[in-house]
Protein chains: 2
Amino acid sequence: MKQTATRKSFRREGEDKRREDLIAATLECVAERGLAGATVREIALRADVTAGLIRYYFPAKDDLIGAAYRAVMNRMTVQASDALKSAADDPRDRLNAFVKANLGQPIMDPNNLSLWAGFIGMVHADPAMALAHRDGYLGFRDELEALIREALLAAGKPAEPIHTRRHAIAVNAIIDGLWLEGCLAGDIFAEGELAETGIAAIEAVLAISLNPEKGGAI
Amino acid sequence: MKQTATRKSFRREGEDKRREDLIAATLECVAERGLAGATVREIALRADVTAGLIRYYFPAKDDLIGAAYRAVMNRMTVQASDALKSAADDPRDRLNAFVKANLGQPIMDPNNLSLWAGFIGMVHADPAMALAHRDGYLGFRDELEALIREALLAAGKPAEPIHTRRHAIAVNAIIDGLWLEGCLAGDIFAEGELAETGIAAIEAVLAISLNPEKGGAI
DNA sequence: CGTGTATTTATACGCTTGCATAATTAGAGC
DNA sequence: GCTCTAATTATGCAAGCGTATAAATACACG
């Protein structure tokens, strides 16, 4: 076993696994030291790989960063959708669960904000990234608008597209704004306070109750 | 005028002027190419100064960046406060004007978002930045809470601190969220749509009218 | 009209970065 | 077990970074 200046031993991994590992390592770096801390060498170190390999899987570093961004956004979307799947049937419960999921762990997390903010900074300069972002945003808002529509109907309220569009914009703003506050300074809020505040505000905006079981309201 | 390899001519400026110029140049860089584009050399170029001078006025580059961040936040705060000064006496009109100012030009601007996002990315890693941000955020929210309290009282509604706090959190989220949407994709909204949506949402949350003149409501 | 000094320029150093490329090797297929 | 190739390591480079420091100069003051 005496080895002086030996090469690093390695295993060949599947392409998918390696990409995932590299993305995960990137997210670790960003989480700990911000976007500036995500250098190819540091990422490689975390992935237990040498720096050169990154370029084997990603044409340039920015492609890896972009993939990492998409992974985070996708992960958040999936987590919110998961909350929907395990929710009750009543549309109001579903909207309630959706909001709570977005305003609680693990979605409302400073690490997510760091990556998101870093990426937003690039959006302004890179049109391709701007497009990717807009798609994500509109997708989220469309999902929200559908939930709102069903909740309104379940409460016996009209749900014209003209109104649901504006409602979706407002509710989306409430979620985004509270998410932001929670990510940036979660410690100055009580446990669950932001989620409760969000639910109450959305109830007021939509003029319906999102807790049809307990607090009955037509 | 024949000069080969002459030194750059310069004028001595007051300390305040130089600091302001350097900060302005920094903001230009960040707005155009993100935080990564704000290098000492590029900043110096924009300020029509050589790079070394930056360190004469700021101990390190990060100090300049921090000063620039504070300048942006301060500028937005001042702009919003200006809108208050030229508003009517009725507290509901004042809150209305405050919201409209934050959801219109020049505050709701992609450049401001770029700056803000770039800095927010650092907040997570740099404790000093985090403190600066928290102060700004709490200052904004406090101002908002005072406005809300007065508006509620003017409408004959109770304004207990327990409630105004939560209202301030929610209204702040609405403003932040809509500001974000407008900065990121202002072109997909009609003129004034976001401001109107914000006013309507806030009216719903506070259960008062913010247009006491025209649309009378107790 | 000199003179002193605070301000500004100029230059260079040591690091780190992203990227390219050559050398190696693990592991599948025959 | 051999062989071939795709995956991985290792090395180096050119560029750009922040910072330190010495040299130059504008300009207030006497």
Side-chain angles (χ1 to χ4, degrees), chain A residues 1 3-26 29-30 32-68 118 121-122 125-126 129, chain B residues 3-26 29-30 32-68 118 121-122 125-126 128-129:
Chain A
M1 285 293 266
Q3 19 186 178
T4 65
T6 66
R7 277 204 153 216
K8 177 182 190 295
S9 70
F10 62 91
R11 285 183 50 224
R12 297 188 167 197
E13 298 284 359
E15 172 170 343
D16 291 348
K17 170 99 165 55
R18 269 283 132 88
R19 290 187 112 93
E20 283 170 23
D21 285 352
L22 288 172
I23 287 174
T26 303
C29 291
V30 174
E32 281 189 25
R33 307 205 286 113
L35 243 196
T39 68
V40 284
R41 286 171 173 82
E42 182 69 26
I43 292 168
L45 198 65
R46 305 248 181 179
D48 192 31
V49 142
T50 56
L53 193 61
I54 289 180
R55 266 204 20 105
Y56 186 77
Y57 287 105
F58 298 91
K61 184 202 167 191
D62 279 356
D63 296 297
L64 171 55
I65 301 289
M122 306 180 73
D126 186 343
M129 298 245 173
Chain B
Q3 18 183 199
T4 65
T6 67
R7 275 204 156 217
K8 177 182 190 297
S9 71
F10 61 91
R11 283 183 51 221
R12 297 185 166 199
E13 298 284 359
E15 171 169 342
D16 291 347
K17 170 98 166 55
R18 270 281 132 85
R19 289 188 114 94
E20 283 170 23
D21 285 352
L22 288 173
I23 287 173
T26 304
C29 292
V30 176
E32 280 189 27
R33 308 205 285 114
L35 242 195
T39 69
V40 285
R41 286 169 174 83
E42 181 69 24
I43 292 168
L45 197 66
R46 305 246 182 182
D48 193 31
V49 141
T50 56
L53 193 61
I54 289 180
R55 269 201 21 102
Y56 185 77
Y57 288 106
F58 297 92
K61 183 201 169 190
D62 279 356
D63 296 295
L64 170 56
I65 300 289
M122 301 184 68
D126 185 344
M129 273 283 161

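We name chains A, B, ... by the order of the sequence lines, and we start the count at 1 in each one.
Put simply, chain A comes within 4.0 Å of DNA chain C, heavy atom to any atom, from C:dT17 to C:dG27, going 5' to 3'.
For A:Asp16, there are no salt bridge (Lys or Arg N to Asp or Glu O under 4.0 Å) partners at least two apart in sequence or on another chain. In this view, B:Glu13 and B:Arg11 satisfy the salt bridge (Lys or Arg N to Asp or Glu O under 4.0 Å) rule, not counting sequence neighbours. The salt bridge (Lys or Arg N to Asp or Glu O under 4.0 Å) search around A:Arg12 returns none, not counting sequence neighbours. Listed by chain and residue number, A:Ile23, A:Thr26, A:Leu27 satisfy the side-chain contact (heavy atoms from CB on, under 4.5 Å) test with A:Ala68 (two or more places apart in sequence, or in another chain). Legend: residues meeting side-chain contact (heavy atoms from CB on, under 4.5 Å) with B:Arg46, ordered by chain and number and at least two apart, are B:Ala25, B:Glu28, B:Cys29, B:Glu32, B:Glu42. Applying the salt bridge (Lys or Arg N to Asp or Glu O under 4.0 Å) test to B:Arg41 and every residue at least two apart in sequence or in another chain returns nothing.
With a 4.5 Å cut-off on side-chain heavy atoms, B:Asp48 and B:Lys8 count as touching.
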Produce a footprint string for nucleotides 4-16 of chain D: one letter per nucleotide, 5' end first; B if the base is under 4.0 Å from any protein heavy atom, S if only the sugar-phosphate is, - if neither. --BBBBB-B----
Please tabulate, one pair per line, all N/O donor-acceptor pairs under 3.5 Å involving side-chain atoms of residues 57-66 of chain A, not counting sequence neighbours.
residue, atom, partner, partner atom, Å
A:Lys61, NZ, A:Ala38, O, 3.1
A:Asp63, OD2, A:Ala60, N, 3.0

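B:Asp63 has its CG atom 13 Å from the P atom of D:dG18, to the nearest Å.
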